[in-house]
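What follows is one structure encoded as C-alpha cells, with my remarks underneath.
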Amino acid sequence: MDEETTNIHITQVLTLSKVMELIDEYPNLEEITCSPSVYNRISKKYIEALESLDITVKKEYQWGSKSKYSSKDEEILKYAKEKKSAKEISEILNIPVSRVYYYVRKNKDEVIFDNYKRKHDLNTRKEIKTLNKEGLKPKEISEKLNVPVRTVYYILNNK
C-alpha cells in the first residue's frame with residue numbers, strides 16, 4: 001500500500017478488477033495517465049466512475065525508456081567545459097564514453113567538445129590555406145611544409 005502516491009501511469013486497459021486493485025493500492029490516487037491507445041480502449045463507464053471518485057484519467061505520451069544516466073548530464077557538461085577528455089569524464093562518473101560523446105554533441109551550443117589532438121596545429125592549417133590562396137598547388141604546399149598531400153587536400157576541403 002502506497003499512501004503518498006497521487007499519480008500513476010498505466011500500460012494496460014482498465015478493468016473492474018484493475019480499478020479496484022488501484023484504489024486499494026493507492027488510497028490517495030488523484031490522476032491516472034496512460035497512452036492514447038490504452039485510453040481509447042478504456043470503457044467510458046470506468047472513466048466516469050473514476051471521475052465521480054475525483055480520479056482523473058488522462059492521455060500522456062511516455063515513449064521509450066528513461067536514461068540511466070540522466071542524473072549525470074549536468075556533471076558531464078561541467079567536466080566538458082573544464083576541457084576534460086571524454087575518457088576522463090567517463091572514468092570520473094563511471095559511465096560509458098559513448099554517453100559522454102552523445103550528451104556533449106546534444107548540447108553543442110553550450111560547449112564544444114574539441115579536446116582531441118591534431119597532428120597539424122592551427123598555424124599549419126592557416127598557412128596551408130594562405131599558400132593555396134596565393135596560387136600554390138597542393139603538391140607544392142605539401143613539399144614546402146613537409147605535410148602529406150592527402151592532408152593538404154583534407155585541410156583545404158574542410159572549411
Side-chain angles (χ1 to χ4, degrees), residues 1-122 124-126 128-129 132 138 148 150-159:
M1 185 179 252
D2 191 357
E3 294 184 12
E4 294 178 18
T5 304
T6 58
N7 298 343
I8 60 165
H9 184 79
I10 59 168
T11 57
Q12 298 174 338
V13 177
L14 287 175
T15 60
L16 182 59
S17 60
K18 187 73 173 172
V19 170
M20 298 308 290
E21 186 181 310
L22 290 174
I23 291 173
D24 289 341
E25 191 173 341
Y26 305 103
N28 295 328
L29 189 61
E30 294 174 3
E31 181 179 80
I32 298 173
T33 59
C34 59
S35 68
S37 63
V38 171
Y39 183 85
N40 293 336
R41 289 183 281 153
I42 297 174
S43 170
K44 301 300 175 209
K45 290 180 183 178
Y46 292 143
I47 293 174
E48 290 170 5
L50 286 168
E51 285 177 356
S52 69
L53 297 171
D54 293 328
I55 300 173
T56 57
V57 181
K58 292 183 177 179
K59 295 180 198 178
E60 187 175 289
Y61 298 97
Q62 290 193 356
W63 290 325
S65 61
K66 303 298 176 229
S67 173
K68 294 190 280 186
Y69 308 109
S70 61
S71 61
K72 297 184 180 185
D73 288 345
E74 295 304 316
E75 291 179 75
I76 293 171
L77 210 54
K78 181 185 86 170
Y79 287 123
K81 286 179 180 177
E82 293 174 4
K83 301 293 185 193
K84 296 232 184 268
S85 71
K87 188 174 182 181
E88 289 173 328
I89 296 171
S90 166
E91 290 170 355
I92 292 169
L93 299 177
N94 196 23
I95 59 174
V97 177
S98 60
R99 175 64 191 178
V100 176
Y101 280 118
Y102 166 78
Y103 190 73
V104 171
R105 215 175 300 120
K106 184 176 151 187
N107 293 293
K108 65 183 173 196
D109 295 337
E110 293 182 42
V111 65
I112 296 172
F113 203 56
D114 190 22
N115 56 4
Y116 60 89
K117 295 177 184 171
R118 290 189 165 121
K119 192 169 184 180
H120 303 286
D121 63 351
L122 194 60
T124 307
R125 290 170 177 271
K126 285 181 181 178
I128 289 171
K129 289 179 181 180
N132 183 258
R150 188 171 72 191
T151 304
V152 173
Y153 278 113
Y154 178 81
I155 292 169
L156 292 174
N157 288 329
N158 287 336
K159 305 280 180 205

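Note: hydrogens, waters and symmetry copies are ignored here, and every other heavy atom, side chains too, is used.
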Can you tell if the side chain of [X] reaches within under 4.5 Å of the side chain of [Y], non-hydrogen atoms only?
X    : Y   : answer
Y103 : E74 : yes
I8   : T33 : no
C34  : T11 : no
V38  : L14 : no
T6   : L29 : no
N7   : I32 : no

Within this structure, what is the [atom1]-[atom2] distance for the pair [X] and [Y], rounded to the nearest 0.5 Å?
X    : Y    : atom1 : atom2 : answer
T5   : L22  : OG1   : CG    : 11.5 Å
L77  : E75  : CG    : CD    : 11.0 Å
R125 : T151 : CZ    : OG1   : 9.0 Å
I95  : Y102 : CD1   : OH    : 12.5 Å
N28  : E4   : CG    : CD    : 9.0 Å

Restricting to side chain to side chain contact (heavy atoms under 4.5 Å, CB included), what partner residues turn up for [X], sequence neighbours left out?
X   : answer
S37 : S35, R41
E82 : K78, Y79, K84
S90 : V97, V100
L53 : I23, I55

Under the side chain to side chain donor-acceptor pair (under 3.5 Å) test, which residues partner S17, sequence neighbours left out? T15
Within the side chain of [X], is there an N or O that forms a donor-acceptor pair under 3.5 Å with the backbone of [Y]?
X    : Y    : value
E91  : E88  : no
K59  : Y39  : no
N132 : I128 : no

Pairs in or reaching into residues 42-58: which pass side-chain hydrogen bond (donor to acceptor under 3.5 Å, both in side chains), with residues at least two apart or in two chains? E31-K58
